[in-house]
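The figures here come from the full heavy-atom set of this structure, side chains too, leaving out hydrogens, waters and symmetry mates. Residue numbers run from 1 in the order of the sequence given.
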Amino acid sequence: RITTRVSSRRNKFGCLSQKKGRADHSRGLCRSEIGVGYCHDDETRACMLIHGKCHCGNIFFTLDWKPDPVEIPARACTCSFCVKHGGVWTSTPDAILKVAVKDSALVSRYAFGTKTAEFHVCGRCGVVPVVTNRIDARLYAVVSVNAFENVNPSMLRCTPANQLRV
């Protein structure tokens with residue numbers, strides 16, 4: 001089960017609305033926050049709560065992206081593994097990522113080449129929703145934008161990993 005971090009800006013239901021009685025607070029989130037977290041009664045958005053999972057749902061995550069982005073940068077990796085798997089990844093340094101696994105026996109960790117990245121592969125459906133990397137005892141991660149649930153694809157700004165920004 002995924003738990004969301006409740007900030008001081010969230011109400012007792014865990015959503016961002018300060019208005020009472022206007023939201024469906026099932027599962028601790030207002031209806032418009034399921035999949036992506038938004039304030040539901042106005043245009044002010046403090047964060048984006050993104051849910052993602054592999055195809056069968058064995059590996060799932062929440063990404064609490066702050067501040068709420070206008071667009072999500074996504075990088076199409078050009079390594080041989082990602083090219084064969086359609087790997088398009090995103091991350092942001094101020095986000096909080098929570099990953100959960102239903103059956104850890106069905107998760108493989110795959111590393112190749114320099115072994116700097118670990119791909120977390122679901123053994124049931126074959127999807128890779130998360131990649132981790134440990135640098136100087138600190139754990140970093142990227143998530144697959146292809147694993148996102150209920151995120152409008154028009155929010156994604158995709159670029160190849162080797163393309164320089166101007």
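Both F81 and V131 belong to a common hydrophobic cluster when Ile, Leu, Val, Met, Phe, Trp and Tyr are linked at side-chain heavy-atom distances under 4.5 angstrom. Under a hydrophobic-cluster definition in which Ile, Leu, Val, Met, Phe, Trp and Tyr are linked whenever side-chain heavy atoms come within less than 4.5 Å, directly or via other members, L97 and V151 are assigned to the same cluster. Hydrophobic clustering of Ile, Leu, Val, Met, Phe, Trp and Tyr side chains at less than 4.5 Å, counting indirect connections, unites M48 with F148. In terms of hydrophobic clustering, with Ile, Leu, Val, Met, Phe, Trp and Tyr side chains grouped at heavy-atom distances under 4.5 Å, V101 and F61 are assigned to a common cluster. Follow the hydrophobic side-chain contacts under 4.5 Å out from V143 and you reach V88 in the same cluster.
Not a single side-chain hydrogen bond (donor to acceptor under 3.5 Å, both in side chains) links T92 to another residue, sequence neighbours left out.
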Test side-chain contact (heavy atoms from CB on, under 4.5 Å) on R75 and V142 and set out the steps.
CA-CA 10 Å; R75 295 170 303 281; V142 295; 3.9 Å; yes

Given the rule in the side-chain contact (heavy atoms from CB on, under 4.5 Å) test, do I72 and I50 qualify, once you have shown the distances and angles that lead to the verdict?
CA-CA 11 Å; I72 298 172; I50 300 170; 3.9 Å; yes

Verdict with supporting geometry, C54 and F60, side-chain contact (heavy atoms from CB on, under 4.5 Å):
CA-CA 6 Å; C54 65; F60 53 105; over 6 Å; no

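With hydrogens and angles ignored, the 3.5 Å screen pairs a side-chain donor or acceptor of T90 with a backbone N or O of P73. Side chain of D136 to backbone of R138: no donor-acceptor contact under 3.5 angstrom is found. With hydrogens and angles disregarded, no donor-acceptor distance shorter than 3.5 Å links the side chain of N58 to the backbone of R124.
H55 is not listed as a side-chain neighbour of C122, based on a closest heavy-atom distance of 4.5 Å or more. Between Y110 and V128 there is no side-chain heavy-atom pair separated by less than 4.5 Å. Contact of the S91 side chain with the Y140 side chain is not registered, since no non-hydrogen atoms from C-beta on lie closer than 4.5 Å.
Of all heavy-atom pairs between P129 and A147, the closest is CB-CB, 4.0 Å. What you find for V121 and I59 is that their closest heavy atoms are C-CD1, 4.1 Å. When all heavy atoms are compared, the tightest approach of W89 to C82 is NE1-SG, 3.3 Å. Summarising the geometry of L139 relative to T132, their closest heavy-atom pair is CD1-CB, 3.8 Å, with the distance given to 0.1 Å. The heavy-atom pair separating L63 from A95 by the smallest distance is CD1-CB, 3.6 Å.
Rounded to the nearest 0.5 angstrom, H51 NE2 and E149 CD are separated by 9.5 Å. Note that CG of L156 is 8.0 Å distant from OG of S154, once rounded to the nearest 0.5 Å. For the atom pair CH2 of W65 and CG of D94, the computed distance is 10.0 Å after rounding to the nearest 0.5 Å. Atom NE2 of H85 sits about 10.0 Å away from atom SG of C79, to the nearest 0.5 Å.
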